[in-house]
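This report concerns only the one structure given below.
Below, each value reflects all heavy atoms present in this structure, side chains not excepted, and no hydrogens, waters or symmetry copies. Every chain is numbered from 1 and lettered A, B, ... according to where its sequence line falls, protein lines coming before strand lines. Worth saying up front: this structure is predicted, and the values here are computed from it rather than measured.
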Amino acid sequence: MTSLTHILSGIVGDVFDKLELPKDLGTVKVSDRPDLAQFQCNGAMAAAKIAKKNPREIAQTICDALLQNDIFSKIEIAGPGFINLNLTDEFLQSHLKSMNTDDRYGVPILGEGQIILDYGGMNVAKAMHVGHFRPNVIGDCLRSLLRFAGYDALGDVHLGDWGLQMGQIISEFEIRHPDWPYFDKSYKGNYPPEPLFTYQELEKIYPEASQACKDNKDRLEQARQATVKLQDGHAGYTALWQHFIDLSLEDIKDNLAPLNIDYDIWKGEACVHHFIAKIAEDMHARNISEISNGATIIPVSEQGDKKEMPPLMFFKSDGAVTYGTTDIATIYDRIKLYLDLKKMIYVVDYRQNLHFEQVFRAATKAGYTTDIDMLHIGNGTVNGPDGKPFKTREGKAMTFRDLVNTVIAKAMARLDEADLATDMSDEARQEIARKVGVAALKYTELSNQPHMDYIFDIDRMTAFEGKTGPYLLYQAVRIKSLLKKAEENNLTIADDFKIEAKDRALALLLSEFSDTVKLAVRQYSPHFLCEYAFNLAQAFSSFYAACHIMSEQDESLQASRLKLCAMTHDILEKILNILGIHIPEKM
RNA sequence: GCGCCCCUAGCUCAGCUGGAUAGAGCGUUGCACUACGAAUGCAAAGGUCGGAGGUUCGAAUCCUCCGGGGCGCACCA
């Protein structure tokens, strides 16, 4: 099962091949000029250069050969040498039929093996904020997309649970609660199974501890020592620290729940701590690392570099680790655990670009990632309608929870405005609002290219009109409703298609599904799927406005149209699922 | 100083290996509901693709320079 463009490229490519021209010049794509043709091939112009002939002449030779094939209803040469192709409806019908027998609607398996996606960037004891939104949504979507493509894609939260900040919080607790058993050297019993503080208290203590360490050198030294003790396995500190992790994970999961975002690997930086000494020793022995100004560094500049490439810091001059150290150790951990690992993809703010370049080079230099693609997808920032970083009305940084809740509340207000879903229970209605809000959020996020900054406009994204998540949900629900009615009236949904002029545009667009998925996978960019889903919804809406379906007298045409509706719905649902958007039964 | 990213319609953004008349949504103007959900559809107006050179039969796309904006450059993650 392949796409129409793939089939056509094969046919046209063979003709180029017979003329002793490169086969890939026969690449066929959907026409840029749908008023002129369904498909086009631009290869004759490039071939003209190679063969030193007139492009229209070459195009004519190719057209003559293609005319032998009866799948074409029309072949024309236009302009300097475009080959315009139209298919017969019979061929289109048979193609749709074969697509329909495939539960992937023609999308081939595009790859296999494991891929680790490292996204989110959450930290222990630090509330999730607006900056966590983009990597979470993009990373989660890429996970679904790559799974659909055939890979075993695993999301790794790679929690920031290590380093000085942990020592800062521990020492702050020790100052405030010296009587707690965690700090009693002679304590022999079990530590409290439940924390003696709430997440809210923890989250509040962190910035206070951090500030105290900035203000006072002795206080900072105290935090350093606590960090060292924690890293050396101090039992009380470890027990206390475990509470930080437990409370933080609970809060993170609670934040992510409304968005249905999940991870497969809930490990933190601390998990790889015990590898660090071994890695350091190995790096030293193989002269990969060196000592500079008292620090251990991995030089990563290469000959031919156009820019200055600072080394990766492995141990600071005080012996402490940095996030580069844990990134390297994490890579080491992953290659030992995941034996079929093909790629590691980091979805992290683009400002980390240099850091990841250093890490990737260091990992390659150490020989860890010779067969593994390392990729940093740098996401841009979310700005408010004024083009500046997104803030609350009071001017504070927006928390993740507020961001999501604000949009869900807006979605509910939209339901009220439109007098929708009023016959439902409050609970059911709240669930619709959540789905609409999440659709609004995710569609906005994913329809932008990851690396671009974008403007967060709640009014626009929650609108039911235009290129929005809610519009897509509306179209999908409308189709669902139509199909339900057809079923109630015992109408037949055919497996065969009957394509007439009014059906053609939708049918052709349905056949582009697999090309779109391929493109999105190849570029790691879900925005192609967003664009396609919108075009599909809109094409359906035009089709729906132009055609009688339930009242169509020609039974085979009616059955075919119902099938087109069903296919549109299914493909829309598949794409929305990849985007992490779920369609309600009704709304 | 070195490097990365961005600049496309009034606004927000697409534009995949260079191709025909540069697209979409919003907004604006007009048209269409006694058909299956009008939360819709149809149509119009709106662009020297930041600027200048270059490569090419052909450039929003590739190269060079310039302008404007954002960001990053070993001991914070």
Side-chain angles (χ1 to χ4, degrees), chain A residues 24 27 29 31-33 35-36 40 42 45-46 48-49 55 78-82 84 121 123 160 162-165 210 269 292-299 305-324 326 349-355 357-358 378 380-381 385 387 414 417-418 420 444 447-449 451-455 457 459-460 463-468 470-471 473-475 477-483 485-486 489 515-516 518-520 522-523 525 527-528 530-531 534-535 538 541-552 565 586-587:
Chain A
D24 63 356
T27 301
K29 62 174 196 168
S31 178
D32 292 330
R33 295 285 305 273
D35 54 318
L36 298 180
Q40 68 185 81
N42 302 339
M45 271 111 51
K49 199 177 280 182
F82 298 102
N84 285 337
N123 293 301
W162 209 235
L164 182 65
Q165 67 268 31
S210 170
E269 295 177 303
S292 167
N293 296 332
T296 303
I297 59 166
I298 303 172
D305 274 347
K306 280 187 181 169
K307 57 185 172 185
E308 303 158 23
M309 182 59 68
L312 185 79
M313 179 67 52
F314 200 82
F315 291 131
K316 298 193 283 188
S317 49
D318 67 356
V321 301
T322 135
Y323 72 139
T326 50
D349 194 312
Y350 62 62
R351 286 171 291 196
Q352 299 293 325
N353 188 272
L354 178 61
H355 167 73
E357 198 166 352
Q358 292 172 296
T381 60
R414 295 281 193 193
E417 272 169 37
L420 278 173
T444 302
S447 55
N448 285 287
Q449 298 186 78
H451 72 276
M452 298 274 275
D453 294 346
Y454 73 85
I455 290 179
D457 185 332
D459 289 333
R460 195 188 342 239
F464 285 102
E465 311 82 33
K467 206 169 180 175
T468 68
Y471 168 86
L473 291 189
Y474 164 70
Q475 296 297 355
V477 169
R478 194 160 70 150
I479 303 172
K480 214 179 259 194
S481 166
L482 172 71
L483 291 169
K485 220 158 255 177
N489 291 326
D515 292 325
T516 307
K518 273 188 227 169
L519 186 59
R522 195 172 69 219
Q523 312 227 352
S525 197
H527 82 277
F528 292 107
C530 291
E531 183 78 13
F534 178 73
N535 290 338
Q538 221 177 24
S541 219
S542 301
F543 164 78
Y544 181 84
C547 299
H548 293 218
I549 300 172
M550 306 276 281
S551 56
E552 173 57 51
C565 292
K586 53 180 192 170
M587 56 191 270

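- The residue A/Ala463 sits apart from the nucleic acid: no heavy atom pair falls under 4.0 Å.
- Across all strands shown, A/Tyr544 has heavy atoms under 4.0 Å from base atoms, whether or not it also approaches the sugar-phosphate.
- Counting any heavy atom pair closer than 4.0 Å across all strands shown, A/Glu531 reaches sugar-phosphate atoms only and no base atom.
- Contacts of A/Phe315 with the nucleic acid, taken as non-hydrogen atoms under 4.0 Å apart, are absent.
- Remark: the separation of the P atoms in B/C42 and B/C7 is 29 Å, to the nearest Å.
- A/Cys547 comes within 4.0 angstrom of a nucleotide base, judged by non-hydrogen atoms across all strands.
- A/Met452 comes within 4.0 angstrom of sugar-phosphate atoms only, judged by non-hydrogen atoms across all strands, and of no base.
- For the P atoms, the distance from B/G72 to B/A9 is 28 Å, rounded to whole Å.
- Remark: the separation of the C1' atoms in B/C33 and B/U40 is 10 Å, to the nearest Å.
- Comparing B/C62 with B/G18, their C1' atoms sit 8 Å apart, to the nearest whole Å.
- Here A/His355 lies out of heavy-atom contact (under 4.0 Å) with every strand.
- A gap of 16 Å separates the P atoms of B/G68 and B/G50, to the nearest Å.
- Note on A/Asn84: a base of the nucleic acid sits closer than 4.0 angstrom, heavy atoms only.
- A/Arg351 comes within 4.0 angstrom of the backbone, heavy atoms only, and of no base.
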